[in-house]
Trainee: 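Sharing a structure, written as structure tokens. Questions coming.
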2 protein chains.
Amino acid sequence: MQDIADRLGISRGTVSLVLSGKAKEGRIGDELQNRVKELARELNYIPNEIARSLSTGVTKTIGVIVPDISNEFFGKMIFFIQEQAKYHGYAVITINTNECLKDFDEAVTILMNKQVDGIILVPVEGGNEIVKKIMSRKIPLVLIDRFYEDIDTTYIVTDNYDASSRAIELILNEGYKRNAVICYDINLFALTERKKGCIDVLKKHGVYDERLIKNIHYDNQEIEIEKAITDLKNEPDKVEAIFFCTRRIFLTGVKYMHQQGIHIPGDMRVICFDEVDAFSFANIPVTYIKQPIQQIGEKAIEALFDQIRGSDQAEHIVLNSEIKFSL
Amino acid sequence: MQDIADRLGISRGTVSLVLSGKAKEGRIGDELQNRVKELARELNYIPNEIARSLSTGVTKTIGVIVPDISNEFFGKMIFFIQEQAKYHGYAVITINTNECLKDFDEAVTILMNKQVDGIILVPVEGGNEIVKKIMSRKIPLVLIDRFYEDIDTTYIVTDNYDASSRAIELILNEGYKRNAVICYDINLFALTERKKGCIDVLKKHGVYDERLIKNIHYDNQEIEIEKAITDLKNEPDKVEAIFFCTRRIFLTGVKYMHQQGIHIPGDMRVICFDEVDAFSFANIPVTYIKQPIQQIGEKAIEALFDQIRGSDQAEHIVLNSEIKFSL
DNA sequence: CTGAAAGCGCTTACAG
DNA sequence: CTGAAAGCGCTTACAG
């Protein structure tokens, strides 16, 4: 920039005005503007956004924290978030938590140190204080997929309870009475709601059996899911259907069922919370719940920009999911 | 920082030394160090990395450019890249190109403006000049998945030609002679190598028929893939197997085959380049090529850090894939 | 062992 | 219409 100014015999300030598109405010002549732009191009001038950020206090960068970006569900969500962010001139830094509190804490610290203009995050169990820390800094914040009941943040979630209830209801109507639920043992809104939605409907129909509700530790999931399925298979009173609370549990579970020769749907009907890309090529019948992933991403960005623009209203958005059938 | 210095009656420089862990070099007393750290904690001091970056010229951020982060293959790769980067204290900004040159160019500009310390990217067709621009700035750079033959960059790829050859060879040995290939019409190393690997083996065995090689335009892929399959189905001389050059083509194709009642493997054997998470729950037999995704990600980071540390040797790394069977 | 000062590359009132 | 100057929050020789 100094270089350009020197060569043109003008001041750095003037160059800055032209290059940042504020030429009008500075009332700088068209001819001069062109000479500056021309020279900038010739010199392959690359503006240093770090310097600009330091000066303006704006980084044009947002942070996104998810459990695991390689998970199809979050991968797609981040794709939509990134495309929207790009459209608005923002870059996105993503960090994975692996559902681990320490990673979550570090992710938040990194993003705050980097002075991001806002954060979209999937909270981790027990991260309440960390989220409060962000809020105390007045950093624009949107929670997605889950939220903490004791903190009033903006959040975008789906109708977990209701969608699960409807799916189970459907299965019951098909005649499947003894239905099991396999879910993580994590105390987070989205998951507890799904479980609750199932249980309440089963109770309402008088077919609830608490032994058929299996809780899985995230860290040891493969083994525990397999054990759960073995247990269910060996139930004296035959289990007819399994509701898998997440796509990952579903994939692990069905893989194991194949290995064990448990036929779907002959031996067991299956329900999956979330869509799997590959339903399309598997020829097994699956009833599944399709969350509006694109909408979640876009609403999240929208709500975040509302805050970046100055709004301090906490918005609570609940989107509806669809129940679908794979065949 | 000024605040801390004032309260303790010392200079900003001293605080900086303590907080950035350079206390020893500055030979600052233990007791003073503790007081500084203590106060920083009390005040919830958050270092401004933007300021630090401007001063040091290092952002501790790397950029990653991929076609589409919601694609399982790139999603997993980025996961491993991010975990490694995190471990080394780096954050990562990811941007999608959607295989579009304009997006690719913009992505590179954004990353350069943000002064990232290095870039890992999946090149887009025709982006040669853009990559040269990065190199002329001496920004550490690693290409993954593909590379340009006319530019000497560091790259990490897999043995596309060889893996495809081996897979087709396997199928031929199983007795399937009339084999088709469906591939994108994109002139990029990874894809052309896959196609070439298939064709050369088919020729070697004297069963090559150019009408069975179908080229798909990326932008109109769904329709063209369906048309290709219809064409293959209607071949007078029965086609026995289809080699899908990417997982996305595979998913679209097999979905359509189901719709059309084409039975796998009764009517048609299928081969897929890349693994799909959900092979595990689909009970159709698929021969597939598994690229070492984690290794690609980790090698990429490693090669990038080599350059960040000053190396200017272009490394060319080719990793081996495995041929696997889904059942 | 510690402080004062310059500098990183921009932006933005302010004065003319 | 344009320039000189201060400032963003750090780091880092340098002097003492």
Side-chain angles (χ1 to χ4, degrees), chain A residues 1-37 39-40 43-61 89 109-117 137 139, chain B residues 1-37 39-40 43-61 89 109-117 137 139:
Chain A
M1 204 146 134
Q2 185 65 66
D3 191 19
I4 296 178
D6 288 350
R7 295 195 189 211
L8 257 37
I10 59 179
S11 83
R12 240 168 347 138
T14 307
V15 176
S16 170
L17 287 176
V18 174
L19 259 24
S20 59
K22 300 228 177 66
K24 268 176 231 134
E25 294 166 39
R27 284 147 303 167
I28 290 160
D30 279 357
E31 195 254 351
L32 180 56
Q33 278 191 50
N34 288 334
R35 267 163 50 212
V36 170
K37 287 180 187 166
L39 189 57
L43 263 37
N44 280 317
Y45 169 73
I46 294 182
N48 184 326
E49 269 215 22
I50 296 295
R52 165 186 286 213
S53 293
L54 183 57
S55 165
T56 60
V58 167
T59 55
K60 288 278 181 182
T61 303
T109 301
I110 290 171
L111 294 178
M112 297 208 304
N113 289 352
K114 293 219 181 283
Q115 316 290 118
V116 294
D117 296 339
R137 295 275 165 179
I139 298 170
Chain B
M1 201 145 135
Q2 185 65 67
D3 191 19
I4 294 178
D6 288 351
R7 293 198 191 208
L8 257 36
I10 58 180
S11 82
R12 242 170 346 137
T14 306
V15 176
S16 170
L17 286 176
V18 174
L19 259 24
S20 58
K22 300 227 177 66
K24 268 176 230 133
E25 294 166 39
R27 282 146 305 166
I28 290 160
D30 280 358
E31 195 254 352
L32 181 56
Q33 278 191 51
N34 288 334
R35 267 164 52 213
V36 170
K37 288 180 186 166
L39 189 56
L43 261 37
N44 281 318
Y45 168 73
I46 293 183
N48 183 326
E49 270 215 21
I50 296 294
R52 166 186 288 214
S53 294
L54 182 59
S55 165
T56 61
V58 167
T59 54
K60 288 278 180 181
T61 303
T109 301
I110 290 172
L111 294 178
M112 296 207 306
N113 289 351
K114 293 219 181 284
Q115 316 290 119
V116 294
D117 296 339
R137 295 274 165 182
I139 298 170

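Numbers restart at 1 for each chain; the letters A, B, ... are given by sequence-line order, proteins then strands. Below, all heavy atoms of this structure are taken into account, side chains as well, without hydrogens, waters or symmetry copies.
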Trainee: Whole angstroms only, please: what is the CE-P distance between B/M112 and C/dG9?
Mentor: 16 Å
Trainee: Over all heavy atoms of both residues, which pair between B/L54 and A/I50 is shortest? Give the atoms and the distance, please.
Mentor: N-CG2, 3.7 Å
Trainee: With A/R137, which residues qualify under side chain to side chain donor-acceptor pair (under 3.5 Å), at least two apart?
Mentor: none
Trainee: What is the distance, to the nearest angstrom, from the NZ atom on A/K114 to the P atom on D/dC8?
Mentor: 22 Å
Trainee: So what does B/I50 touch, heavy atoms closer than 4.0 Å: a base, only the sugar-phosphate, or nothing?
Mentor: nothing
Trainee: For the side chain of B/S11, starting at C-beta, report the closest nucleotide among C/dG9, D/dG9, C/dG3.
Mentor: C/dG3
Trainee: Grab the CD1-C1' distance between B/I4 and D/dG9 for me, whole Å please.
Mentor: 12 Å
Trainee: Considering only C/dT2, D/dG9, C/dG3, which nucleotide approaches the side chain of B/I10 most closely?
Mentor: C/dG3
Trainee: To the nearest Å, give me how far apart CG (A/L54) and C1' (D/dA6) are.
Mentor: 13 Å
Trainee: Between N or O atoms, less than 3.5 Å apart, protein on one side and nucleotides 12-14 of chain C on the other: list the pairs.
Mentor:
from, atom 1, to, atom 2, distance (Å)
C/dT12, OP2, A/K22, NZ, 3.2

Trainee: Using whole Å, what does the distance between atom P of nucleotide D/dG9 and atom CG of A/N113 come to?
Mentor: 15 Å
Trainee: Select from B/A51 and B/G9 the residue whose nearest nucleotide in DNA chain C is closer to the 5' end of that strand.
Mentor: B/G9
Trainee: List for me each residue that meets side chain to side chain donor-acceptor pair (under 3.5 Å) alongside B/K60, sequence neighbours excluded, and say none if there are none.
Mentor: none
Trainee: Taking the side chain as every heavy atom from C-beta outward, state whether A/D30 and A/Q33 have any atom pair closer than 4.5 Å.
Mentor: yes
Trainee: With rounding to the nearest 0.5 angstrom, report the CG to CD distance, B/L111 to A/E49.
Mentor: 10.5 Å
Trainee: Measure from CD1 on A/I46 to P on C/dC10 and round the result to the nearest Å.
Mentor: 11 Å
Trainee: If you take all heavy atoms of A/T59 and A/K114, which pair is closest and at what distance?
Mentor: CG2-O, 3.8 Å
Trainee: Quick one: the dot-bracket string of DNA chain D, using Watson-Crick and G-U wobble pairs with both distances under 3.5 Å, [ ] for crossing pairs and | for bases paired to another strand.
Mentor: |||.||||||||.|||
Trainee: Would one find a side-chain N or O of A/Y45 under 4.0 angstrom from OP1 or OP2 of C/dC10?
Mentor: yes
Trainee: Just jot down the side chain to side chain donor-acceptor pair (under 3.5 Å) partners of B/S53, sequence neighbours excluded, or say none.
Mentor: none
Trainee: For a quick test of reading the model, state the closest non-hydrogen atom pair linking A/Q115 to B/P47 and the distance between them.
Mentor: OE1-O, 3.8 Å
Trainee: Starting at CZ of A/R52 and ending at P of C/dC10, how long is that distance when rounded to a whole Å?
Mentor: 9 Å
Trainee: Quick one: side chain to side chain donor-acceptor pair (under 3.5 Å) partners of B/S11, sequence neighbours excluded?
Mentor: B/T14
Trainee: I need the CD-P distance between A/Q115 and D/dG9, as an integer number of Å.
Mentor: 9 Å
